[in-house]
Number of protein chains: 2
Amino acid sequence: MKEGPDIALIGSLIGDPARANMLTALMGGRALTPTELAAHAGITLQTASSHLSKLEAGGLLSQRKQGRHRYYQLAEDEVGLMLENLMGFAAGRGMNRHRPGPKDPALRKARVCYNHLAGDYGVRMFESLIAAKQIEVAGDDLALTDAGQIRIEALGINYASLKKSRRPICRTCLDWSERRSHLAGSLGEALLTLFIDKGWAKRETNSRAIRFTDSGEKAFSDLFPQ
Amino acid sequence: MKEGPDIALIGSLIGDPARANMLTALMGGRALTPTELAAHAGITLQTASSHLSKLEAGGLLSQRKQGRHRYYQLAEDEVGLMLENLMGFAAGRGMNRHRPGPKDPALRKARVCYNHLAGDYGVRMFESLIAAKQIEVAGDDLALTDAGQIRIEALGINYASLKKSRRPICRTCLDWSERRSHLAGSLGEALLTLFIDKGWAKRETNSRAIRFTDSGEKAFSDLFPQ
DNA sequence: TTCATACTTCGATGGTAGTCGAAGCATAGA
DNA sequence: TCTATGCTTCGACTACCATCGAAGTATGAA
């Protein structure tokens with residue numbers, strides 16, 4: 001007994017509904033202010049403030065001040081991965097907070113997973129990259145092949161700058177709706193940014209859902225055939 | 001807001017220290033009685049009973065009655081995977097309940113992860129199987145190759161009976177101490193059982209640690225060279 | 001300086017959940 | 001049948017923590 005890491009600590013951080021709602025909101029990838037997060041969780045600003053300091057102390061969130069605003073975001077990619085993983089587990093057990101609503105199909109189709117694309121589209125992109133041998137599974141982690149490097153450069157992503165960062169370029173992330181992996185890591189982030197910059201897709205304001213335009217959908221399907 | 005699965009529910013289940021201790025104890029792979037689990041958590045039997053029904057209602061545990069004993073165990077492999085994953089996250093953030101004690105090195109070397117081998121030895125076995133192309137990474141999941149089938153049959157594991165079950169034969173599980181994958185699934189379980197049946201290793205009674213005998217260690221290293 | 005906004009800290013409150021004693025079932029054995 | 005053991009249920013207690021009002025701090029704008 002008393003072996004190993006302390007899962008009760010993270011569990012209790014996530015276990016409060018208000019905090020869980022804030023974390024879920026932050027999975028949308030935007031940095032949010034305490035006021036916004038309080039609205040998401042349906043609590044007052046004071047209460048939110050208290051929760052946020054706990055989450056920050058626990059290493060789940062980080063904060064940056066900008067003028068009189070404080071922007072909170074997930075502290076690291078790994079926090080997002082862990083949360084998505086938990087959601088997958090919860091979804092597999094039917095632990096849903098709502099009967100599937102009108103937004104649900106949109107979420108399953110394409111959504112933000114912290115900073116990268118998830119849902120049906122995320123999985124399709126990932127599997128298409130694998131099939132084209134532009135990403136390779138090497139033991140535990142993923143590697144971008146030479147063909148892959150050329151490919152992303154052609155799309156306008158600067159490989160050198162991705163490589164400079166200490167973050168892994170490619171990572172898998174388990175998709176809770178599809179129950180399969182999709183692409184995370186700095187490349188995953190760069191690709192989502194690209195789609196949005198090109199105007200193929202845009203984030204919904206108050207949701208994790210991502211809406212593709214008709215032309216964007218076509219361009220995406222051409223890039224990543226099934 | 002209010003999107004996606006309810007992570008607060010699982011979070012709160014894991015978030016109580018007593019419950020977390022019980023779950024950790026059950027990661028040892030043995031089915032345990034309420035009395036034993038109460039001792040692990042340092043609480044009375046009544047309290048343990050209440051926790052156990054909550055964990056069962058939440059789908060984390062299952063129960064089987066045998067005479068006047070009730071044996072609790074993790075409900076599915078996925079529960080174990082999820083917990084190991086959480087432990088990895090917690091360990092990465094230095095959330096440890098104890099200063100590394102004398103048992104710690106043994107745990108890192110070889111331990112039970114619910115029903116399969118984890119720790120340094122678990123990872124070595126996994127990577128050795130991959131290197132020998134007896135297991136293949138196919139997109140998201142693992143597959144046993146033809147060479148792998150022959151290999152495990154030679155070891156005395158009945159492939160047909162593994163295949164009959166609905167459980168996946170091979171699965172990856174992220175190791176919290178090594179931060180790399182090891183082998184889970186029914187094959188992972190069968191292999192660990194094999195090592196114990198052959199007398200190469202045995203479980204410690206009150207810990208997740210696994211102790212290899214000298215000859216067992218040699219046999220293991222021969223089977224799975226680095 | 002003065003006012004407004006954004007947020008934190010303090011203090012008090014209330015509800016919930018973990019805790020255990022006592023009593024109630026169930027099974028096993030004699 | 002009686003007794004012992006293993007466990008659950010009930011009820012009461014307590015401690016903790018989420019919650020919010022009120023007051024305090026910081027930044028920006030006028």
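In this text, all values refer to a predicted model and were calculated from it rather than measured experimentally.
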May I have the distance from [X] (atom [atom1]) to [N] (atom [atom2]), rounded to whole angstrom?
X	N	atom1	atom2	answer
B:H69	C:dC25	NE2	C1'	16 Å
B:L37	D:dC7	CG	P	9 Å
B:Q66	D:dC7	CD	P	12 Å
A:L45	C:dT9	CG	C1'	12 Å
A:L13	D:dA18	CG	C1'	14 Å
B:I43	C:dC20	CD1	P	7 Å
B:E36	D:dG6	CD	C1'	12 Å
A:M22	D:dA18	CE	C1'	11 Å

Mind telling me whether A:F220 and A:Y121 have parallel, tilted or perpendicular rings, with 30° and 60° as the class edges? parallel
Once you measure the plane-to-plane angle for B:H116 and B:H182, does it fall in the parallel (<30°), tilted (30-60°) or perpendicular (>60°) bin?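 Plane angle between 30° and 60°, so tilted.
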Determine yes or no for a side-chain-to-main-chain donor-acceptor pair under 3.5 angstrom, with A:R211 supplying the side chain and A:A106 the backbone.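 No.
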Scan residues 46-60 of chain A against DNA chain D and write down, sorted by residue number, each residue with any heavy atom closer than 4.0 Å; if none is found, say none. A:Q46, A:T47, A:H51, A:K54
Name of the residue among B:L37, B:L55, B:L52 meeting side chain to side chain contact (heavy atoms under 4.5 Å, CB included) with B:R19: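 Of all the options given, the one that passes is B:L55.
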Walking DNA chain D from its 5' end, the first of B:T33 and A:D16 to be reached, judged by nearest nucleotide, is B:T33
Between A:I43 and A:N21, is there a side-chain heavy-atom distance shorter than 4.5 Å? no
Answer yes or no: is there a side-chain heavy-atom contact under 4.5 Å between A:I14 and A:L83?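 They are in contact (side-chain heavy atoms under 4.5 Å apart), so the answer is yes.
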Can a donor-acceptor pair be found between the side chains of A:Y114 and A:E189 at a distance below 3.5 Å? no
OP1 or OP2 of D:dA29 sitting under 4.0 Å from any side-chain N/O of A:R68?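 So the side chain of A:R68 is outside the cut-off, no N or O lying under 4.0 Å from OP1 or OP2 of D:dA29.
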Look at the side-chain N and O atoms of B:R19 and state whether any lies under 4.0 Å from the OP1 or OP2 oxygen of C:dG18. yes
Just compare C:dT19, D:dA18, D:dC7 and give me whichever is closest to any side-chain atom of B:P34.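 Between C:dT19, D:dA18, D:dC7, the one nearest the side chain of B:P34 would be D:dC7.
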Which part of the nucleic acid does A:Y71 contact within heavy-atom distance under 4.0 Å: base, sugar-phosphate only, or nothing? nothing
